[in-house]
Amino acid sequence: MKLSNDLDVPTALWAGQEVKRSRRRSALILIGAFWFFAFFMLAIRASFMTPWSFDVLAPRRLAAALFGTALCLIMAYILDRLRTLSFSMRVICGLLGAFAMSILIALFSLTLNRVIAPLPNIAGITASEAVHWIVIWFGYTLAWTGTHLALVYHWEAEDQLRCSHVLQELAQKSKAAALQYQINPHFLFNTLNSISALVLERRTRQAEAMLLNLSTFIRAAPADEAGGMIRLGEEIKMLRLYLTIEEARFSNRMRVVIEVPDALCPAMVPSLILQPLVENAVRYGVGQSEAMTTIRIVAEQQGRQLRLTVEDDGVLTEAPEGGSGLGLANVRSRLEAHFGNSGSLAAGPRTEGGYRATISLPLSTPL
C-alpha cells in the first residue's frame with residue numbers, strides 16, 4: 001500500500017509517531033521554560049519587595065514552581081483527552097483549569113510559608129492574602145494555558161492543511177486512475193473491432209498478426225502504473241507496439257515519423273497519454289484516406305515545459321460527428337488531474353491539411 005508522499009505504511013506510521021513525540025517534547029519544553037521563568041521572576045521580585053533574602057525564598061519558590069509544573073502536566077493531559085470537543089469548549093475548559101490551578105498553587109504556597117515551614121515574623125493565612133495570591137497566580141496560569149492552547153491550535157491547523165492536501169492528491173490520483181482505466185476498454189474495443197473486420201474480409205494473416213501484436217502490447221503495458229507516470233522513452237516504446245498493431249491494416253498507406261530527442265526520453269509523462277491521440281490520427285487520418293498518410297510524433301522542450309505533438313497530413317481536418325469523443329476529452333481530463341492548470345491540450349486542423357494535437361506539461365525527470 002502506498003501513500004501520497006510515496007512512503008509505505010510502516011514508514012508513514014513511524015513519521016506520524018515522530019510528529020507526536022516532537023509535539024510532546026515541545027509541550028514539555030514550554031512548561032519547563034514557563035516555570036523556570038516564573039521561578040526567577042517571583043524569587044527576584046520577592047527578594048526586593050520582602051525582608052527575606054533570595055536564599056530563603058528561592059527554595060520555596062522552587063517548590064511552588066515544581067508544584068505548578070506538575071499541575072500543568074496534568075492540565076495538558078486533560079486538554080489532550082478533550083481534543084474531541086470543539087476548540088471553543090476546550091478554551092472554556094482551559095480557563096476553568098487555569099483558575100483551579102491558581103487556587104491550588106496559592107494554597108500550596110501559603111501553606112508552605114505559613115504552616116509547613118513558616119517564615120519568621122509572619123502571621124497566619126488571611127482571606128485577603130489568599131485572594132491576592134490567587135489573582136497573581138491566575139495571571140501566570142492563564143498565560144501558560146493561552147500559550148499552550150495557541151500551540152495546540154497551530155498543530156491542529158497544520159494537521160487539517162496536511163489532510164486537505166493528502167485528500168486533494170488522492171482525489172487527483174483516483175481521477176487519473178479512473179481515466180487511465182477508461183482508455184483500456186476503449187482501445188481494446190477499437191482493436192478487436194478492427195480484427196473482426198479483417199476476419200470478415202478474409203484477411204486471415206493480417207488478423208492473426210494483429211492479434212499477436214495486441215497480445216504483445218497488453219503484456220508490455222504498464223498495468224501497475226495505472227493513472228501514474230512513466231518515462232517518455234517507455235511511452236514511445238508503447239506507441240511503437242500500438243502502431244505495429246495498426247500496420248496490419250494500413251501498412252501500405254501509413255508512414256510514421258517519431259522525433260524524440262534522447263535527452264527527453266527520461267522525462268516523466270502520464271502513461272499512455274499519447275495513445276488516444278495517435279489512435280485518432282490512425283482512425284481519422286489514415287483510415288479515412290486512400291493516399292499515403294504520414295503521422296508525426298514530436299517531443300520538444302520549451303523552457304520548463306515539455307511539448308508533445310501528434311499530427312497527420314490526412315484529408316480530414318477534424319474528427320467526424322458521431323464519434324465517442326473519448327480520446328481528446330480523456331487526455332484533457334488526465335492532464336488536469338495530474339497537473340492542474342500546468343497541463344494543457346491544444347487540438348485542431350493544420351493550415352496545410354490534416355490534424356494536429358499538442359500536449360504541454362511540466363518537464364520533470366525521476367529523482
Side-chain angles (χ1 to χ4, degrees), residues 168-194 214 217-218 221-223 225-230 232 234-236 238-239 241-243 245-246 256 267-289 293 295-299 302 305-351 353-364:
Q168 183 179 10
E169 187 174 352
L170 287 175
Q172 288 180 336
K173 287 190 173 182
S174 297
K175 181 179 179 181
L179 292 166
Q180 171 65 33
Y181 293 136
Q182 192 179 33
I183 285 178
N184 296 333
H186 178 262
F187 161 70
L188 288 174
F189 172 79
N190 287 342
T191 306
L192 292 174
N193 191 41
S194 299
L214 175 62
F217 178 86
I218 292 174
E225 297 287 347
M229 307 284 285
I230 62 173
L232 178 59
E234 292 296 316
E235 176 76 0
I236 297 301
M238 296 300 302
L239 282 180
L241 288 173
Y242 167 73
L243 290 167
I245 295 172
E246 296 295 353
V256 178
M268 302 301 293
V269 299
S271 59
L272 298 180
I273 193 69
L274 294 175
Q275 192 273 333
L277 304 182
V278 176
E279 185 176 352
N280 279 350
V282 172
R283 183 179 180 185
Y284 301 125
V286 181
Q288 302 295 324
S289 174
T293 300
I295 298 176
R296 292 181 69 247
I297 302 168
V298 181
Q302 291 191 350
Q305 290 287 111
L306 174 65
R307 288 173 57 89
L308 304 173
T309 301
V310 177
E311 63 180 8
D312 64 81
D313 57 2
V315 295
L316 295 182
T317 58
E318 59 181 353
E321 297 293 333
S324 65
L326 176 64
L328 297 181
N330 184 285
V331 171
R332 285 195 176 95
S333 298
R334 291 184 65 198
L335 290 172
E336 180 183 359
H338 278 284
F339 308 108
N341 294 330
S342 299
S344 63
L345 168 66
R350 304 193 316 161
T351 55
Y355 201 76
R356 176 186 292 119
T358 300
I359 291 175
S360 295
L361 66 159
L363 178 62
S364 62

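Since this is a predicted model, take the numbers as computed values, not measurements. Count residues from 1 along the sequence.
- Using a 4.5 Å heavy-atom cutoff, the side chains of Ile273 and Leu361 are not in contact.
- Among all heavy-atom pairs drawn from Leu363 and Ala267, the shortest one is CD1-CB, 3.7 Å.
- Across every non-hydrogen atom of Arg350 and Asp313, the tightest pair is NH2-CB, 3.3 Å.
- Between Glu279 atom CD and Leu243 atom CG the span is 11.0 Å, to the nearest 0.5 Å.
- In terms of heavy-atom proximity, Gly314 sits nearest to Thr293 at N-CG2, 3.8 Å.
- Every residue two or more places apart in sequence or in another chain that forms a side chain to side chain contact (heavy atoms under 4.5 Å, CB included) with Glu234 is listed here: Ile230, Arg231, Lys237.
- Closest heavy-atom contact between Glu235 and Val269: CB-CG2, 4.0 Å.
- Shown here are the side chain to side chain contact (heavy atoms under 4.5 Å, CB included) partners of Ser342, two or more places apart in sequence or in another chain: Phe339, Pro362.
- The side chain to side chain donor-acceptor pair (under 3.5 Å) check on Ser360 picks up nothing, with sequence neighbours excluded.
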I'd like to know whether Val256 forms a side-chain contact (heavy atoms from CB on, under 4.5 Å) with Val278, so could you lay out the CA-CA distance, the side-chain angles of the two residues, the decisive distance to 0.1 Å, and finally the verdict. CA-CA 10 Å; Val256 178; Val278 176; over 6 Å; no
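- Considering only residues two or more places apart in sequence or on other chains, Thr358 meets the side chain to side chain contact (heavy atoms under 4.5 Å, CB included) condition with Arg307, Thr309, Arg356.
- Residues Ile297 and Ile236 meet the side-chain proximity criterion, which asks for heavy atoms closer than 4.5 Å.
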Apply side-chain contact (heavy atoms from CB on, under 4.5 Å) to Val286 and Asp312, showing your working. CA-CA 8 Å; Val286 181; Asp312 64 81; over 6 Å; no
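- Listed here is the closest heavy atom pair of Ala299 and Leu232: CB-CD2, 3.9 Å.
- Using a 4.5 Å heavy-atom cutoff, the side chains of Ile359 and Leu277 are in contact.
- By the side chain to side chain contact (heavy atoms under 4.5 Å, CB included) test, Ala347 is found to be paired with Leu328, Arg332, Tyr355, Ala357, residues two or more places apart in sequence or in another chain being considered.
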